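The structure appears right after this line, and notes come after that.
As the structure lists them, so they are numbered: ligands from 1, and atoms in each ligand from 1. Keep in mind that this is a model prediction, so the values were computed, not measured.
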Amino acid sequence: MALDNKNGANVCDVAGCDKEAERSISLKQISKSSLKLKDPNVRSAHLCKEHYRTFKKDTKTSRELDKYY
Ligand SMILES: [Zn+2]
């Protein structure tokens, strides 16, 4: 399978992942999570189901941490 998604195919943008993307998240949001992208210069990243879950978990955790401080 081709790794570049210039043809518009929705592939997860997380480094090392080539699963089908389900969500598009802005880079600002991504930077709040621990996810690392294949291309750090994109404006928004596509995430597969699995990485979207990781993203949600990460951002939720940081929000909860904020409450403690
Ligand atoms: Zn993924």
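- Under 2.8 Å from the Zn ion (ligand 1), one finds the following protein N/O/S atoms: Cys12 SG, Cys17 SG, Cys48 SG, His51 ND1.
- At least one side-chain heavy atom of Ser24 sits less than 4.5 Å from a side-chain heavy atom of His46.
- Taking Asn41 as the reference, Asp39 meet the side-chain contact (heavy atoms from CB on, under 4.5 Å) condition, with sequence neighbours excluded.
- What you find for Gln29 and Phe55 is that their closest heavy atoms are O-CE1, 3.3 Å.
- Clustering ILVMFWY residues whenever any of their side-chain heavy atoms sit less than 4.5 angstrom apart, transitively, puts Val11 in a cluster other than the one holding Leu27.
- Residue Asp13 forms a side-chain contact (heavy atoms from CB on, under 4.5 Å) with just one option from Leu35, Leu47, Leu37, and that option is Leu37.
- Between the side chain of Lys57 and the main chain of Ser33, no donor-acceptor pair closer than 3.5 Å is present.
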